[in-house]
2 protein chains.
Amino acid sequence: MELYHLRTFVAVAEEKHLTRAAERLFTSQPAISAHIKALEETLGVTLFDRTPKGMRLTPVGEELLPRARQALAAASAVMQHAKGLQDELIGSVRIGLNTDARFLRLTALQAGLAAHYPRLEVAMLTGSTGTNLPAVRVGKLDAAFVTGEIDDPSLSVCFLCDEPLVIGAPASLREQISSTEVAELARLPWVYTSPDCSHFAAMRAIFEAHCCEPTRMLIANQEDALVEMIRAGVGLGIVRAGVFAADEQAYELPVALPSVPLQFVYQRKRENDPLIRAVMHQLCAVWEIAPPDALARQAG
Amino acid sequence: MELYHLRTFVAVAEEKHLTRAAERLFTSQPAISAHIKALEETLGVTLFDRTPKGMRLTPVGEELLPRARQALAAASAVMQHAKGLQDELIGSVRIGLNTDARFLRLTALQAGLAAHYPRLEVAMLTGSTGTNLPAVRVGKLDAAFVTGEIDDPSLSVCFLCDEPLVIGAPASLREQISSTEVAELARLPWVYTSPDCSHFAAMRAIFEAHCCEPTRMLIANQEDALVEMIRAGVGLGIVRAGVFAADEQAYELPVALPSVPLQFVYQRKRENDPLIRAVMHQLCAVWEIAPPDALARQAG
DNA sequence: TTCGCCCGTTCGGAAATTGTGATGGCGTCG
DNA sequence: CGACGCCATCACAATTTCCGAACGGGCGAA
């Protein structure tokens, strides 16, 4: 028994004529006849009395009709519910963070996602560039903010902005910093970041260029920890420009550092995943950038 | 969308493997794959995530699964309900009566039908042989009791018993009845039956044999009316033997009359109608006769 | 009564759908 | 790094479904 048997059953019961039911169902009358016959055989009952004027439901057919309608309605409910769901994202998305919420404009992103996809659970999970990248690769995260150049063909990368870096110094060390020569700065205590942080690469770049090695004091791979260490006077460190804008405990040294790009990454193979597309769409709106080709292709 | 799509959907969701679902459904894995693909296309949603380990429901699939189960259950309910109905008679049967209930053994018939077909509504409708026959022919009655020989090829006839007929006379006329000569009796007042009654034929037969015509006093085509008229002294009449067995107001004359057969008729073309078969089955049990060939063929 | 009409059934052949087995890509596990 | 398991795809075969035509029965009009 298939749904078309039931559809035909109901149509014939309502039209009371095979011919009219066939017209309603856009098929031929013998086809309808066969449907009814097959249904009657599988059910083992007689659904209609054949009269010269048409088809009349038997008492058994009368009793079965509402159930058939119910089955059709249930099937229709599946379709209808699917239609309602087909452009709606449900489930959850996990986004890895690598720095503070304001800089990443998280509230705007969250607002955009919540407005367009009210049933989507958004998880924004603290982390760092170094922890985010493998998490995205293995699927623990759907997407993540990272800094620095990414050279992984399995990942799609969306450039958001350049982060100018500066050397931050605690106010307590101001007197010991007589010049901004790298070689001299290297002799002071430094708060390191872990090697998987893009700031680490920037740091290495400048010191290697001057053939010197800074004094390691501490490693912090969480940005606010790094900032707090510097403000506490533990040592110098590389931070995003503006972090110490109106800070009394730390200040920025006027040393030219290369900037690193803030980027958003996700698995390239999920380029067309509606979830990724939706997140990217909102992200691009928040950052006022054009969506990548892969996104623009289909989405409005 | 058809039911097999939903069946496959549920099977795959439960087995989490196309291959295993294919085994469960006794088909091949590509077929299952095609079902899911087609269903996803018609619904416009992705139901499963394809992983190297198998199929995992997406949140959308998770949400649709219970509805699909519900639709399958509804379809299954149609089948199950039909199975329950397939040997059960529902609706109503209309049986025409032509004489009193006790003689027709109606209570036993009703009891048998009610016991075997509790949902069958039985209507036993008063009438006479003359009114019952055309009613059966045009379908106003499903079957009827009649008396007398029936010669209609469109009707099936089942013989039940012979009704011995007698001439009933009111006690008040006893003194005027000096002999049982037909010629003499004909001069007395008679309560006639209408021409469509088998008693009428019996009456005509005896008077024609003696070349005389009875005196008509009244016509009654309902048997109890006839009986009451005789008892009230209106005249003589032909009744079933035994009607006046212990009656003080009427008695039976010792005149030899031919007996007429009590029969049960229904449309021949409905010989295999389950309703007719059921009624005949019960009827034959009540009357302790062998069912006709057409009945014995299939029914137990 | 007979003719014409309407309706459902049946039949053979055509068309569409569905199913099958083999193949390939992809990822994982030993 | 090779073997295995899983799903997607393809060409082709089997089945089902569908269609047009012819048939038979019942009804109503002439």
Side-chain angles (χ1 to χ4, degrees), chain A residues 1-9 11-42 46-58 61 134 136-140 152-155 267-273, chain B residues 1-9 11-42 46-58 61 137-140 153-154 267-273:
Chain A
M1 187 182 73
E2 290 298 333
L3 283 178
Y4 69 88
H5 290 124
L6 299 181
R7 279 190 277 265
T8 299
F9 172 37
V12 173
E14 287 174 358
E15 299 286 353
K16 299 185 170 59
H17 288 267
L18 288 195
T19 315
R20 267 185 260 162
E23 284 172 16
R24 190 213 276 196
L25 298 174
F26 303 105
T27 181
S28 69
Q29 178 267 332
I32 299 299
S33 180
H35 291 177
I36 297 297
K37 185 179 178 183
L39 184 59
E40 287 184 329
E41 260 172 42
T42 64
T46 302
L47 297 171
F48 293 96
D49 280 332
R50 276 71 166 172
T51 80
K53 294 179 194 164
M55 310 281 279
R56 202 182 56 242
L57 275 172
T58 62
V136 170
R137 282 197 200 93
V138 303
K140 285 189 175 177
D152 186 331
S154 76
L155 297 182
Q267 292 184 353
R268 180 176 300 280
K269 68 181 178 188
R270 294 183 67 187
E271 256 175 358
N272 289 314
D273 185 324
Chain B
M1 186 181 75
E2 290 298 334
L3 283 177
Y4 68 88
H5 290 124
L6 299 181
R7 280 190 276 265
T8 299
F9 172 37
V12 172
E14 287 174 359
E15 298 287 353
K16 298 186 172 60
H17 289 267
L18 289 194
T19 316
R20 263 185 263 161
E23 284 171 16
R24 190 213 276 195
L25 298 173
F26 303 104
T27 181
S28 67
Q29 174 265 327
I32 299 299
S33 180
H35 291 177
I36 297 297
K37 185 179 178 183
L39 185 58
E40 287 183 329
E41 262 172 40
T42 64
T46 302
L47 296 171
F48 292 97
D49 280 332
R50 277 70 168 174
T51 79
K53 292 178 192 163
M55 310 281 280
R56 202 183 55 242
L57 276 172
T58 62
R137 284 198 197 94
V138 302
K140 285 188 175 178
S154 75
Q267 291 184 353
R268 181 176 299 280
K269 67 181 180 188
R270 295 182 66 185
E271 256 175 358
N272 289 313
D273 185 325

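In what follows, chains carry the letters A, B, and so on, assigned in the order in which the sequence lines appear, proteins first and then strands, with residues in each chain numbered from 1. Side chains are part of it too, since the values below use all heavy atoms of this structure and drop only hydrogens, waters and symmetry mates.
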Inset, instruction - Consider only side-chain N and O atoms of Asp152(A) and Ser154(A), and report whether a donor and an acceptor are under 3.5 Å apart. - result: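 Result is yes, a qualifying pair exists.
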Atom [atom1] of [X] and atom [atom2] of [N]: how far apart are they, to the nearest Å?
X: Glu41(A); N: dT9(C); atom1: CD; atom2: C1'; answer: 13 Å
X: Glu23(B); N: dC7(D); atom1: CD; atom2: C1'; answer: 15 Å
X: Arg20(B); N: dG5(D); atom1: CZ; atom2: P; answer: 12 Å
X: Arg56(A); N: dG8(C); atom1: CZ; atom2: C1'; answer: 14 Å
X: Asp49(A); N: dT9(C); atom1: CG; atom2: C1'; answer: 16 Å
X: Phe48(B); N: dA8(D); atom1: CZ; atom2: P; answer: 10 Å
X: Leu25(A); N: dT17(D); atom1: CG; atom2: P; answer: 15 Å
X: Lys16(A); N: dC6(C); atom1: NZ; atom2: C1'; answer: 18 Å

Can a side chain N or O of [X] be found less than 4.0 Å away from OP1 or OP2 on [N]?
X: Thr19(A); N: dG8(C); value: yes
X: Lys37(A); N: dG8(C); value: no
X: Arg50(B); N: dA8(D); value: yes
X: Ser33(A); N: dT9(C); value: yes

Legend entry - Heavy-atom donor-acceptor pair, Ser33(B) side chain to Gln29(B) backbone, under 3.5 Å: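 No: the side chain of Ser33(B) does not pair with the backbone of Gln29(B).
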Legend entry - Donor-acceptor under 3.5 Å (Thr8(B) side chain, His35(B) main chain):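 Flag not set: sc Thr8(B) to bb His35(B) has no pair under 3.5 Å.
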Inset, instruction - Using a 4.0 Å heavy-atom cut-off, write out nucleotides 11-30 of chain C from 5' to 3' as B (base contacted by protein), S (sugar-phosphate only) or - (no contact). - result: -------SSBBB----S---
Inset, instruction - Could you work out which one of dT9(D), dG8(C), dC6(D) sits closest to the side chain of His17(B)? - result: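 For the His17(B) side chain, the nearest candidate turns out to be dC6(D).
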Inset, instruction - Inspect the surroundings of CZ in Arg268(B) and state if more than 12 heavy atoms from other residues, nucleotides or ligands are less than 6.0 Å away. - result: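 Yes - once you tally the heavy atoms of other residues, nucleotides and ligands closer than 6.0 Å, there are more than 12.
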Legend entry - Non-neighbouring partners of Arg270(B) that pass salt bridge (charged side-chain N to carboxylate O under 4.0 Å, His left out), sequence neighbours left out: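 Arg270(B): salt bridge (charged side-chain N to carboxylate O under 4.0 Å, His left out) contacts with Asp142(B), Asp273(B).
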Legend entry - Heavy-atom closest pair, residues His17(A) and Lys53(A):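 The pair with the smallest heavy-atom distance is CE1-O, 2.6 Å.
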Legend entry - Step-by-step salt bridge (Lys or Arg N to Asp or Glu O under 4.0 Å) determination, Glu15(A) to Arg56(A): CA-CA 10 Å; Glu15(A) 299 286 353; Arg56(A) 202 182 56 242; over 6 Å; no
